[in-house]
Amino acid sequence: MSNLTQEINRRRTFAIISHPDAGKTTLTEKFLLYGGAINLAGSVKGKATARHAVSDWMEIEKERGISVTSSVLQFEYDGYCINILDTPGHQDFSEDTYRTLMAADSAVMVIDGSKGVEAQTRKLFKVCVMRKIPIFTFINKMDRDANDTFDLLDEIEKELGIATCPKNWPIGSGKGFKGIFDRDKRCVIIYSDTEKGTREGEAMEIPLEEEDRLRDCIGQEAMDKLLEEIELLDGASAEFDLKEVQKGELTPVFFGSALTNFGVEIFLKHFLEMTTTPLPRKADTGLIDPVENNFSAFVFKIQANMNKAHRDRIAFMRICSGKFEASMEVKHVQGGKIMRLSQPQQIMASERKILEEAYAGDIIGVFDPGIFSIGDTLCMPKESFAYEGIPTFAPEHFARVRQVDTMKRKQFVKGINQIAQEGAIQIFQEYNTGMEEIIVGVVGVLQFDVLKYRLNNEYNVEIRLEPLPYEYIRWIENKDEIDLDKLTGTSDMKKVKDMRGNPLLLFVNEWSVGMTLDRNKGLILTEFGRN
Ligand code: G4P
């Protein structure tokens, strides 16, 4: 096997998704700990250190002590080179979170065992399903009282519409948490709290047949319950089928406690075995194989003003095939230019490390003098193809933008357009009226503050935002067949157009969407736009 093939095949690139507080950060820290990337858990980006970790990033991050942007963590473990795409862990996440998932090959879903499936998980999960990427579930906080295990699995199946296959099974929870039963090895791993340790402690494993020993360890009651549950489980649960996992139709489920460092390394090991090497990606010329093809990448995120002093923009790209070398020339397909990528770097939290080389599966950030757009393709100078665009995700909050000082129209239009180009917000105009009114749509309301702040800070323009009641947006898929003037909906429906002139409809509730579809035969609406 060539060195290139080896390097690519040992890469695993995944995103961690969860509702805030389910334990994503804690789990990530434990992963990094095993990889030796950090010395002591808690030092990467704990909430307490978040304020310092963002040093020269947007002021707003510092002010609020949160991470507005997603970052990438790379570390080595057991011969694997792992890229974790982190997604913001607060309520007001943005479209970036969704786009980050476009750069991942699989996702780890962290669920709080006492809460079950929560709102944020549901949203992110939808995107994973759309992309059909494998999803691995880690049910966390078993050291606290958790919901009934069968109920938790049922909830995942019903709420998220994916089959579950528990790879291990918890024995009790909270104060009565005794450990997990490994279904493949048919043994019990006894709970130990090694929060302060650098690795999981020497886990005590007791085979199920050693009944007396097991009974001594976990007690008669837990033992009876376990045997009963195993019997139920073996009879009822889906057969494990890796192909179904890889199609995103079955999620392997693991239990543990990230905080006390139990079940995490077991999860990581199984996960790395089951998850995929960098996947081929669809381009307009067909599938691009990561190993067979030369260097190519696509831009999935643009971050402006990471360093205010330099007014720089960083374009994040996912390498989809081949090897990248800092000195090589590449083609920016959409811009039609051959160039060298400037200051290629690996971005870890707010630290940046200049890179000499990177491989398919890796994420790099490059200095962007304002030429890249989300979804752009880079490839070798002699080649030419474009990766499928990244969908535009449906904003859920809308506001009318009013300029406080109308004399500054030019700066305002420039500023708002640039920010929209980066994909931080989406802007719309009234359908069939002049340019004047601008409606802004965002996935998370924090983006409204980001917009206000940035217009003021970078373009010296003050705005007022008037919230609008719309929550649902639909693109018209068959726009060429539909006469928009004649389209009738409910009285609270609004017709607008996006930056490219595509017609869209805004609705206050889902019922209105349904009514409009009923009233206009042949109308096809979609939740995702295309770049
Ligand atoms: P997030 O990134 O998904 O938002 O969650 P994070 O890891 O920050 O965890 C949220 C809270 O839950 C933290 O407590 C964390 O210590 C706790 N936690 C994470 N995993 C476990 C677990 O397995 N068991 C228990 N009992 N708690 C867990 P916090 O008090 O909110 O924050 P902090 O002060 O500890 O940073």
Side-chain angles (χ1 to χ4, degrees), residues 14-34 38 40-54 61 64-73 84-94 96-97 100-101 107-125 135-147 149 152 168 170-180 189 191-197 199-201 203 253-268 349 444 446:
F14 61 95
I16 304 201
I17 62 175
S18 77
H19 190 84
D21 276 347
K24 181 168 59 75
T25 311
T26 314
L27 187 73
T28 310
E29 280 166 0
K30 297 285 147 81
F31 285 170
L32 292 177
L33 196 65
Y34 306 145
I38 53 169
L40 247 189
S43 57
V44 176
K45 55 177 271 294
K47 279 172 195 149
T49 55
R51 270 174 211 91
H52 311 295
V54 290
E61 293 192 326
R64 297 196 175 211
I66 51 167
S67 170
V68 177
T69 49
S70 326
S71 56
V72 187
L73 305 166
I84 302 187
L85 293 153
D86 189 19
T87 48
H90 57 91
Q91 306 273 352
D92 292 311
F93 75 133
S94 71
D96 267 350
T97 318
T100 297
L101 289 174
V108 167
M109 172 163 77
V110 186
I111 287 179
D112 180 336
S114 67
K115 302 237 171 78
V117 176
E118 297 176 88
Q120 202 97 312
T121 326
R122 224 171 274 135
K123 280 189 190 175
L124 292 164
F125 184 85
I135 297 163
F136 298 83
T137 306
F138 184 78
I139 301 193
N140 191 29
K141 303 200 186 182
M142 294 309 295
D143 59 306
R144 293 227 182 118
D145 289 337
N147 297 353
T149 315
L152 278 167
N168 55 40
I171 305 166
S173 69
K175 287 204 173 65
F177 186 44
K178 306 282 187 206
I180 49 179
I189 301 153
Y191 176 58
S192 62
D193 177 345
T194 52
E195 184 184 350
K196 305 281 183 305
R199 301 286 287 239
E200 273 183 7
V253 182
F254 297 82
F255 295 83
S257 157
L259 185 70
T260 61
N261 213 358
F262 182 76
V264 177
E265 198 160 11
I266 299 169
F267 169 64
L268 182 62
L446 179 73

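Counting starts at 1 for both ligands and their atoms, following the listed order.
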Query raised in the report: Considering only heavy atoms from C-beta outward, does the side chain of Tyr191 approach that of Ile171 to under 4.5 Å?
Result: no
Report task. Check whether any side-chain heavy atom of Phe125 sits under 4.5 Å from a side-chain heavy atom of Val117, and report yes or no. Result -> no
Report task. Using distance alone, decide if ligand 1 has a nitrogen or oxygen within less than 3.5 Å of any nitrogen or oxygen in Thr260. Result -> no
Query raised in the report: Is the backbone of Ala258 close enough, under 3.5 Å, to the side chain of Asn140 for a donor and an acceptor to pair up by distance?
Result: yes
**Report entry** Gap separating the CD1 atom of Ile84 from the CZ atom of Phe14, nearest 0.5 angstrom
**Finding:** 4.0 Å
**Report entry** Side chain, backbone, both or neither: the part of Asp21 lying under 4.0 Å from ligand 1 by heavy atom
**Finding:** both
Query - Contact partition for Arg144 relative to ligand 1, non-hydrogen atoms under 4.0 Å - result: side chain
**Report entry** Interfacing atoms of ligand 1 (cut-off 4.0 Å, heavy-atom, Thr26)
**Finding:** 6 (P), 7 (O), 9 (O), 15 (C), 19 (C)
Query raised in the report: Taking Lys30 for the side chain and Leu259 for the main chain, is one N or O donor matched with an acceptor at less than 3.5 Å?
Result: yes
Requested in this report: For the residue pair Phe177 and Phe262, categorise the inter-ring angle as parallel (less than 30°), tilted (30 to 60°) or perpendicular (more than 60°).
Outcome: perpendicular
Query raised in the report: Which one holds for Ser18 and ligand 1: side chain close, backbone close, both close, or neither close, with close meaning a heavy atom under 4.0 Å?
Result: side chain
Query raised in the report: Which bit of Asn140 is near ligand 1, meaning a heavy atom under 4.0 Å away: side chain, backbone, both or neither?
Result: side chain
Query raised in the report: Polar-atom distance check: Gly256 versus ligand 1, any N or O pair below 3.5 Å?
Result: no
Query raised in the report: Does an N or O from Leu259, backbone or side chain, lie closer than 3.5 Å to an N or O of ligand 1?
Result: yes
Query raised in the report: Side chains of Asn261 and Tyr34: closer than 4.5 Å at any heavy-atom pair?
Result: yes
Requested in this report: Just jot down the ligand 1 atoms closer than 4.0 angstrom to any heavy atom of Lys24, in number order.
Outcome: 1 (P), 2 (O), 3 (O), 5 (O), 7 (O)
Query raised in the report: Can you list the atoms of ligand 1 that are under 4.0 Å from a heavy atom of Pro20?
Result: 4 (O)
